[in-house]
Asks: 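Before I ask anything, let me first share the structure, which is written out below as structure tokens.
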2 protein chains.
Amino acid sequence: MRKKVTLKQIAKELDVSISTVSKALRDSIEISEDTRQKVQAFAKLYNYRPNNIALSLKNRKTKTIGIIIPEIVQHFFSKVITGIEMVANRKGYNVIVALSNESFDKEVINMQMLANGSIDGFILSIAKETLQQQDYHHFTETINQGMPIVMFDRVVNEIKCDKVIVDDVKGAKKAVNKLIENGCKNIAIITTKDYVSVGKLRTQGYLEALDDHKINPESSLILKIEDKLLSEDHLDQLENDIEQLFKQNDKIDGIFAVNELYGVTAAKVARRYGYEIPEALQIVSFSDGVLSRHSTPSLSTISQHGQKIGESAAELLIKRLEMEDEEDFNEDEDEIFETVVIETNLIERESTK
Amino acid sequence: MRKKVTLKQIAKELDVSISTVSKALRDSIEISEDTRQKVQAFAKLYNYRPNNIALSLKNRKTKTIGIIIPEIVQHFFSKVITGIEMVANRKGYNVIVALSNESFDKEVINMQMLANGSIDGFILSIAKETLQQQDYHHFTETINQGMPIVMFDRVVNEIKCDKVIVDDVKGAKKAVNKLIENGCKNIAIITTKDYVSVGKLRTQGYLEALDDHKINPESSLILKIEDKLLSEDHLDQLENDIEQLFKQNDKIDGIFAVNELYGVTAAKVARRYGYEIPEALQIVSFSDGVLSRHSTPSLSTISQHGQKIGESAAELLIKRLEMEDEEDFNEDEDEIFETVVIETNLIERESTK
DNA sequence: TTGTAGGCGTTATCAA
DNA sequence: TTGATAACGCCTACAA
């Protein structure tokens with residue numbers, strides 16, 4: 001068991017000072033060719049690597065990014081992480097992941113844990129509970145402490161920071177327009193309660209698309225799901241709710257679902273009701289998932305490009321971090337924040353004509 | 001912008017020494033009630049939190065766990081992370097995630113990055129490329145440096161460390177036995193090339209189950225997929241391969257797929273060929289995914305309980321970490337490592353009778 | 001009851 | 001060309 005070597009140990013072995021070793025390893029011109037080689041050889045032999053923690057303490061930066069997301073067992077969030085990790089890694093950053101589990105308390109606790117020096121900045125998507133309570137003090141606090149935050153997907157106007165979002169309204173309109181073009185007359189929407197910002201925006205897009213085509217929205221065609229964590233019970237409930245939708249209105253010939261689970265579940269229920277897809281009923285869902293691609297019938301979706309979102313968020317954060325370095329204490333106060341919008345696009349599969 | 005306060009600053013403000021502040025905050029009896037309250041009040045006011053990095057450096061432990069997995073965009077791995085994160089968090093640990101992307105080089109680089117003081121121990125699942133090259137020096141090296149590793153799912157006998165695995169052979173036998181019980185006579189297997197340990201083991205289970213029932217394996221019923229990263233091309237290739245399987249052998253009435261993607265794809269191709277599921281063809285797949293539950297028909301699967309695996313791995317690692325603390329330098333050399341086996345179970349859905 | 005000093009591993013500055 | 005020293009933020013043994 002060869003424990004990690006430190007500069008100190010190398011110094012002792014070679015009978016030179018610590019600073020000589022340090023300089024030699026960093027190819028300083030101050031050091032003679034001779035000792036440099038000696039030191040480097042020894043270091044290589046013992047596989048010396050500078051201790052990250054010590055460096056972090058010294059440099060007052062950790063080169064790691066903290067991610068806080070509601071859950072990881074969701075293709076969209078995994079994709080985002082993949083994207084973040086890619087650019088982070090490329091730029092020499094690590095990524096530390098914490099899950100809020102949609103809970104306000106866990107979000108707060110995790111932020112505090114990480115904010116105490118473990119990371120240089122946050123990339124996060126807000127927990128549902130937080131959105132519901134509209135308590136954002138933990139965000140403002142960390143920002144005030146000088147730690148930058150980049151929010152993605154579930155963002156909130158109250159907080160001034162960089163953001164990466166999807167054109168939810170526009171994406172929803174694309175979906176609904178497609179259905180209208182394809183001849184649907186009675187288009188239902190399956191969405192979330194309004195406190196989930198993306199659900200609200202997608203609902204808005206749905207309404208705007210209808211309006212653009214002079215179609216009056218009907219409340220019997222709008223289903224707002226109380227979105228709890230995924231559980232078997234919840235799934236049953238979801239199916240029941242969708243069944244109610246079909247019972248309430250037997251003219252439905254198009255469905256826009258704000259996520260792919262709603263989409264595939266709608267397809268399942270619809271087929272149980274004898275609807276032919278896409279002949280009698282067409283479906284488009286918002287999604288970045290694996291479900292819509294592999295389900296039968298495969299679902300046409302509005303792809304939100306989770307990985308791109310992640311990449312974009314990481315770039316924004318790192319840009320800001322490196323900026324801070326440069327402008328040694330530019331206490332400008334009124335900083336300018338960016339909001340990057342990632343374009344969605346419609347992927348046509350079997351659930352539309 | 002109120003930057004984070006340090007002990008030093010508090011000390012200066014209150015005109016006491018740093019150690020007095022430190023002790024006061026930790027409720028030391030050495031400190032007078034008076035100053036203690038004064039210090040604590042001030043600390044609370046300025047929202048003092050000890051700096052993690054400084055603590056890590058001092059204590060020579062970071063209280064964070066490094067996870068290295070091939071990819072995160074796979075339900076199984078997400079589940080494992082969820083499990084790890086749960087127990088880690090409960091025990092005051094953070095979780096830092098790195099992705100190998102199935103590449104040997106990235107695995108090595110990421111390990112080195114994290115091993116330099118950033119974490120206390122690893123939980124990992126080996127990249128395919130590493131398994132192929134059978135080069136495990138980076139594992140032995142980090143273990144030799146005194147950093148514990150827990151491997152899960154894709155493990156390897158050559159490395160002595162704690163492991164968490166699934167009873168792959170037994171699970172596969174459960175699946176195939178079920179098919180046999182249900183009357184299947186010609187059961188095909190869709191599996192990976194043998195260098196993927198879990199694929200190999202599941203294939204072995206398949207063969208053993210057949211043997212138990214005195215059924216001779218037929219090479220025309222065994223399809224070994226060259227498993228690349230998921231891409232559209234790869235998917236087409238997969239469908240082609242499966243089509244070949246059906247062409248080669250028109251008596252197939254049961255399929256055991258070693259993962260759910262193979263399972264749903266087989267179902268898709270089979271239905272294109274006019275097979276009724278489960279009447280004419282029954283399918284069971286290994287899985288921990290969302291696909292099999294929501295596909296049509298939903299797939300019967302051998303559930304591998306990814307979250308439990310994660311929890312178990314985290315418990316093993318943390319146990320070992322805390323052990324190290326106690327036994328101040330017990331250089332015993334021949335340590336004893338555990339291998340925890342997580343039981344699988346068969347979930348019956350629509351793809352079996 | 002309070003303060004001083006040393007150390008965790010590095011690097012940077014300045015002195016030798 | 002090399003080395004001593006201080007600093008990053010914290011804790012603790014020991015001294016006052």
Side-chain angles (χ1 to χ4, degrees), chain A residues 3-40 42-43 46-64 115-120 145-147 325 328, chain B residues 3-40 42-43 46-64 115-120 145-147 325 328:
Chain A
K3 282 262 179 200
K4 294 202 62 66
V5 242
T6 66
L7 288 186
K8 200 186 200 175
Q9 291 162 23
I10 299 182
K12 198 163 82 180
E13 288 298 320
L14 298 182
D15 206 37
V16 290
S17 81
I18 295 180
S19 54
T20 303
V21 177
S22 173
K23 286 171 187 163
L25 288 176
R26 337 194 80 241
D27 281 324
S28 161
I29 34 159
E30 291 183 19
I31 302 297
S32 72
E33 185 60 25
D34 213 38
T35 40
R36 191 191 318 170
Q37 291 196 346
K38 197 174 57 180
V39 170
Q40 293 193 348
F42 191 93
Y46 280 86
N47 196 24
Y48 169 80
R49 300 255 182 275
N51 179 311
N52 276 334
I53 295 292
L55 287 179
S56 296
L57 186 58
K58 179 126 235 325
N59 303 329
R60 282 119 140 291
K61 66 177 86 151
T62 61
K63 285 274 191 177
T64 102
N116 298 327
S118 303
I119 60 161
D120 296 338
Q145 283 182 1
M147 179 158 301
D325 287 355
D328 20 309
Chain B
K3 283 263 180 199
K4 295 200 62 64
V5 243
T6 67
L7 288 187
K8 201 185 198 174
Q9 291 162 23
I10 299 183
K12 200 163 80 181
E13 289 299 322
L14 296 182
D15 205 36
V16 291
S17 80
I18 295 178
S19 60
T20 303
V21 177
S22 173
K23 285 172 188 162
L25 288 176
R26 335 193 83 242
D27 280 325
S28 161
I29 35 159
E30 292 183 20
I31 302 298
S32 72
E33 184 60 26
D34 213 38
T35 42
R36 192 192 317 173
Q37 292 196 346
K38 196 174 59 179
V39 171
Q40 292 193 350
F42 192 94
Y46 280 86
N47 196 24
Y48 169 80
R49 299 255 183 275
N51 179 308
N52 277 333
I53 295 292
L55 285 179
S56 297
L57 186 58
K58 174 128 240 318
N59 303 330
R60 281 113 143 292
K61 67 176 85 153
T62 60
K63 284 275 190 177
T64 103
N116 297 327
S118 303
I119 60 161
D120 295 338
Q145 283 182 1
M147 178 158 300
D325 287 354
D328 19 308

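Quick caveat, the model's predicted, so the values are computed rather than measured. Letters A, B, ... mirror the listed sequences (proteins, then strands); counts begin at 1.
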Asks: Give a yes/no answer on whether the side chain of A:S17 brings an N or O atom under 4.0 Å of OP1 or OP2 in D:dA4.
Replies: no

Asks: Does D:dG3 have OP1 or OP2 sitting under 4.0 Å from an N or O in the side chain of A:T20?
Replies: yes

Asks: Using heavy atoms to find the nearest nucleotide of DNA chain D for B:T6 and A:E33 separately, return the residue whose nucleotide is more 5′.
Replies: A:E33

Asks: Taking the side chain of A:L7 as heavy atoms from C-beta outward, which of D:dG9, C:dT10, D:dT2 is closest to it?
Replies: C:dT10

Asks: Applying side-chain contact (heavy atoms from CB on, under 4.5 Å) to B:L14 and B:F42, what does each step give before you reach the verdict?
Replies: CA-CA 9 Å; B:L14 296 182; B:F42 192 94; 3.8 Å; yes

Asks: Tell me, with the steps shown, if B:T62 and A:I53 meet side-chain contact (heavy atoms from CB on, under 4.5 Å).
Replies: CA-CA 8 Å; B:T62 60; A:I53 295 292; 3.9 Å; yes

Asks: Quick check: on DNA chain D, is the nucleotide nearest B:E30 upstream (toward 5') of the one nearest B:I53, or the reverse? Name the residue that is more 5'.
Replies: B:I53

Asks: Apply side-chain hydrogen bond (donor to acceptor under 3.5 Å, both in side chains) to the pair A:E33 and A:Q37, showing each step before the final yes or no.
Replies: CA-CA 6 Å; A:E33 185 60 25; A:Q37 291 196 346; 2.9 Å; yes

Asks: Below 3.5 Å, does any donor atom in the side chain of B:K4 face an acceptor in the base of D:dG9, or the other way round?
Replies: no

Asks: A:K8 NZ to C:dG6 C1': how many Å, rounded?
Replies: 10 Å

Asks: Name the nucleic acid region contacted by B:S32, choosing base, sugar-phosphate or nothing; use a 4.0 angstrom heavy-atom cut-off, strictly under.
Replies: sugar-phosphate

Asks: Quick check: closest heavy atoms across A:N52 and B:S118, and the distance to 0.1 Å?
Replies: ND2-OG, 2.9 Å

Asks: Would you mind reading off the distance between B:I31 atom CD1 and D:dT12 atom P, rounded to a whole angstrom?
Replies: 13 Å

Asks: Could you tell me the separation between the CG atom of B:L25 and the P atom of D:dT12, rounded to a whole number of Å?
Replies: 13 Å

Asks: Would you kindly check whether a donor in the side chain of B:S19 faces an acceptor in the base of C:dT4, or vice versa, at under 3.5 angstrom?
Replies: yes

Asks: Write down the distance between NZ (A:K58) and P (C:dC8), rounded to a whole number of angstrom.
Replies: 16 Å

Asks: Send over the distance from A:K23 NZ to C:dA15 C1', rounded to a whole Å.
Replies: 10 Å

Asks: Classify A:L55 by what it touches in the nucleic acid, base, sugar-phosphate, or nothing, heavy-atom distance under 4.0 Å.
Replies: sugar-phosphate

Asks: Counting the atoms with a prime plus P, OP1 and OP2 as sugar-phosphate, which does A:R49 contact under 4.0 Å by heavy atoms, base, sugar-phosphate, or nothing?
Replies: sugar-phosphate

Asks: Any side-chain N or O of A:T35 less than 4.0 Å from the OP1 or OP2 oxygen of D:dT2?
Replies: yes

Asks: Provide, to the nearest angstrom, the distance between the NZ atom belonging to A:K38 and the P atom belonging to D:dT1.
Replies: 14 Å

Asks: Give one of base, sugar-phosphate or nothing for A:S56, where a contact means two heavy atoms less than 4.0 Å apart.
Replies: nothing

Asks: Hey, which of these two, B:V16 or A:R26, hits DNA chain C nearer its 5' end, going by closest nucleotide?
Replies: B:V16

Asks: Check whether any side-chain nitrogen or oxygen of A:R60 sits under 4.0 Å from OP1 or OP2 of D:dG9, and answer yes or no.
Replies: yes

Asks: Can you name the closest pair of heavy atoms from A:K4 and A:R49 and give their distance?
Replies: NZ-CB, 4.1 Å

Asks: Rounded to whole angstrom units, what separation is found between the CG atom of A:L57 and the C1' atom of D:dG9?
Replies: 6 Å

Asks: Calculate, to the nearest 0.5 Å, the distance between atoms OH and CD belonging to A:Y46 and A:Q9 respectively.
Replies: 10.0 Å

Asks: A:Y48 OH to C:dT10 C1': how many Å, rounded?
Replies: 7 Å

